[in-house]
Amino acid sequence: MEREVRVRFAPSPTGPLHIGGVRTALYNYLLAKKVGGKMILRIEDTDQNRFVPGAEDYILESLKWCGIELDESPVVGGPYAPYRQSERKPMYMQYAMQLIESGHAYYAFDTAEELDAMRERLKAAKVATPQYNSITRNTMRNSLTLPEDEVKQLLDSGAPYVIRLKVPRKEEIRLKDLIRGWVMVHSSAIDDKVLMKSDGMPTYHLANIVDDHLMQITHVIRGEEWLPSAPLHVLLYRYLGWEDTMPEFAHLPLLLKPDGNGKLSKRDGDKLGFPVFPLRWTDPFTGEVSSGYRESGYLPEAFVNFLAFLGWNPGTQQELFTMDELADEFTIERIGKSGTRFDIQKARWFNEQYLRAKPDAELAKYLLAALEEHNISCTQEKAEKIAGLMKERVSFPQEFWREASYFFVAPTEYNEKVATKKWNSQAVAVFEDFKNELPALQNFNADSVKELLLGILERHNMKIGQVMQALRLAVTGAEAGPDLMQIIEVIGKEETVSRIGTAIEKLSQYATA
RNA sequence: GGUCCGUUCGUCUAGGGGUUAGGACUUCAGAUUUUCAUUCUGGCAACAGGGGUUCGAUUCCCCUACGGACUACCA
């Protein structure tokens, strides 16, 4: 019988979620959505020292912004609650004990100093991999080397201890990865991992196996950095007697820095010239602010589409996908194997595509919001018109205001290059007529304005190309922009006349030719 | 160092024993336009190297090189 697909995204709340984590969450979500399974968020907060306030809320908000919906989580709960490992603390010890009883784990009483000394000793002896393993455990202070009554006494006296997995000396561990195929690792390469820490918390290794089992997880989709410890996890499933319901594994290729030099990490912040976080993050300890995709003007649909393509592709020529389409097309088999360099240019391109596809009415909201900040009133109709004129020339919503403020504010400066090249007395003569005749124009709109201008040009024996740049300069102060006649239609008759008058005065120094 | 994973245009990638090695981003050129942008057309540009296997390898195998991850009482 096929089990219902249940996947989990299991971040630790040690700071903002970084973009690679978002992609991991996305792939999990897409698989669940595709097959009608469940998407679970589990907070892995077993390291109390690394707790960062606000991180969990940040994770929740990031997923929400991306449109990743959670079927079970710390906030909505679910049949396998709680979903925070710190709240599941009492559940782990029994499994560690089970492993001790079956001879697959043991108590260890070594201090940090003793562990350091052991590693130093091995290093000095030129041992390739200094680790706590089947050889070295015989020289350490643990329940395998100490007499039984001493162990009991230590335990009774409350001496600090950890529980370590007893990894077999010689054994091939096979692991089937959905992306890479069979991976073989020898047990000698794995050390006796700590399962329970001296503070009574489990380590990631134990906690994730116990929780995945208890929560009936069917697929573990996580970053490639987990691949080396995956065989260890297989061992745990086996020793706990859960191997027949062990989830399938898929280890995702890493997101690399643009230069290919190492994986993209949280610490890169804004150093690379682009955000590494979905949302803006303020470090609660240092106050340092890191920018986010949301605040930078990326639309969530574009961000998700872009992220999905970082390491996965549908095998067709289609590039633009809604979340539903992504879910339909998604398969783990089509995830690539190699690390993916991050290319912000592509993200920008996706954003432009989504921006242009949006209806003007929706884009107008961005402009209206910016206008409100500047205390400028504007009708919905006018904002829509401007959005329509601008949308093919912007990459981000903020640019509607930034690049088109001349729709609302008369220019105070004029592009000098255009002034030098295009502003001359012939053009001014045309503009004088234009300015004088405009007020009487009937049916004022882009077409009638153009007709009027054309008529004046004919009288002056000039062509439209000889004055358009200068007229644009007079009206907007800029060298480029949308159709000028449309701009004039939007700003209106009086404002146009006024701006032309102002320009004739202010630019008189250029009109010598 | 050890273990594991990887390697197709600058980047993301498709492909897969016989192809003019395809697309997208970037970039360049041309067309259109009142400017810029858009759009359209076109161009540059890749199978890491060496051995096998084979009639034939970019594709399968091995080695080398390079890159990456891991190597904590962190996840």
Please work out if [X] contacts a base, only the sugar-phosphate, or nothing of the nucleic acid, heavy-atom cut-off 4.0 Å.
X        : answer
A:Arg222 : nothing
A:Arg164 : sugar-phosphate
A:Met196 : nothing
A:Val183 : sugar-phosphate
A:Thr129 : base
A:Asp110 : base
A:Gly223 : nothing
A:Arg50  : base
A:Gly336 : nothing
A:Leu484 : base

Salt-bridge test for [X] and [Y]: reply yes if a basic N is under 4.0 Å from a carboxylate O, no otherwise.
X        : Y        : result
A:Asp191 : A:Lys193 : yes
A:Arg222 : A:Glu44  : no
A:Lys263 : A:Glu224 : no
A:Glu479 : A:Lys421 : no
A:Asp211 : A:Arg8   : no

Please give the nucleotide sitting opposite [N] as a Watson-Crick or G-U wobble pair, both distances under 3.5 Å, or none.
N     : value
B:A69 : B:U3
B:A57 : none
B:U35 : none
B:A24 : B:U11
B:C40 : B:G30

[N] and [M]: how far apart are their [atom1] atoms, nearest whole angstrom?
N     : M     : atom1 : answer
B:G17 : B:A75 : P     : 45 Å
B:C28 : B:A45 : C1'   : 11 Å
B:A72 : B:C9  : P     : 35 Å
B:U38 : B:A24 : P     : 15 Å
B:G1  : B:U58 : P     : 31 Å
B:G2  : B:U64 : P     : 11 Å
B:U8  : B:A46 : P     : 14 Å
B:C55 : B:C47 : C1'   : 22 Å

Check this one for me: any side-chain N or O of [X] less than 4.0 Å away from OP1 or OP2 of [N]?
X        : N     : result
A:Lys337 : B:G68 : no
A:Arg180 : B:C5  : no
A:Asn313 : B:U13 : no
A:Thr340 : B:U13 : yes
A:Arg334 : B:G15 : yes
A:Thr46  : B:A75 : yes

Rounded to whole angstroms, how far apart are [atom1] on [X] and [atom2] on [N]?
X        : N     : atom1 : atom2 : result
A:Phe249 : B:C5  : CZ    : C1'   : 16 Å
A:Phe306 : B:U13 : CZ    : C1'   : 13 Å
A:Met390 : B:U35 : CE    : P     : 17 Å
A:Asp191 : B:C74 : CG    : C1'   : 14 Å
A:Tyr204 : B:A75 : OH    : C1'   : 7 Å
A:Lys193 : B:A75 : NZ    : P     : 11 Å
A:Phe321 : B:G23 : CZ    : C1'   : 13 Å
A:Lys197 : B:A72 : NZ    : P     : 15 Å

Ignoring hydrogens and angles, answer whether the base of B:A24 and the side-chain atoms of A:Lys346 contain a donor-acceptor pair closer than 3.5 Å.
->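 A donor-acceptor contact between them is present.
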State whether the distance check finds a donor on one side and an acceptor on the other, under 3.5 Å, for side chain A:Ser198 versus base B:C73.
->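 Between B:C73 and A:Ser198, which were checked side chain against base, a qualifying N/O pair under 3.5 Å is present.
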OH on A:Tyr204 to OG on A:Ser229, rounded to 0.5 Å =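 The distance works out to 6.5 Å.
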Which nucleotide in the list B:A69, B:A14, B:C25 gets nearest to the side chain of A:Trp349?
->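 In terms of side-chain proximity for A:Trp349, the closest of B:A69, B:A14, B:C25 is B:C25.
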Of all the choices, B:G23, B:C73, B:U38, which nucleotide is nearest to the side chain of A:Gln317 once you look at every atom?
->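 Among B:G23, B:C73, B:U38, the one nearest the side chain of A:Gln317 is B:G23.
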Qualifying residue for side-chain hydrogen bond (donor to acceptor under 3.5 Å, both in side chains) with A:Asn142, from A:Tyr132, A:Tyr161, A:Tyr107, A:Tyr106 =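 Among the candidates, only A:Tyr132 passes.
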With a cut-off of 6.0 Å (strictly less than), are more than 12 heavy atoms of other residues, nucleotides or ligands near CD of A:Glu87?
->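 More than 12 heavy atoms, drawn from other residues, nucleotides or ligands, come within 6.0 Å of this atom.
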Mapping A:Tyr161 and A:Leu227 to their closest nucleotides on RNA chain B, which lands nearer the 5' end?
->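 Its nearest nucleotide lies further toward 5', so the answer is A:Leu227.
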A:Asp192: which of A:Lys166, A:Arg137, A:Arg164 passes salt bridge (charged side-chain N to carboxylate O under 4.0 Å, His left out) |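 The passing option is A:Arg137.
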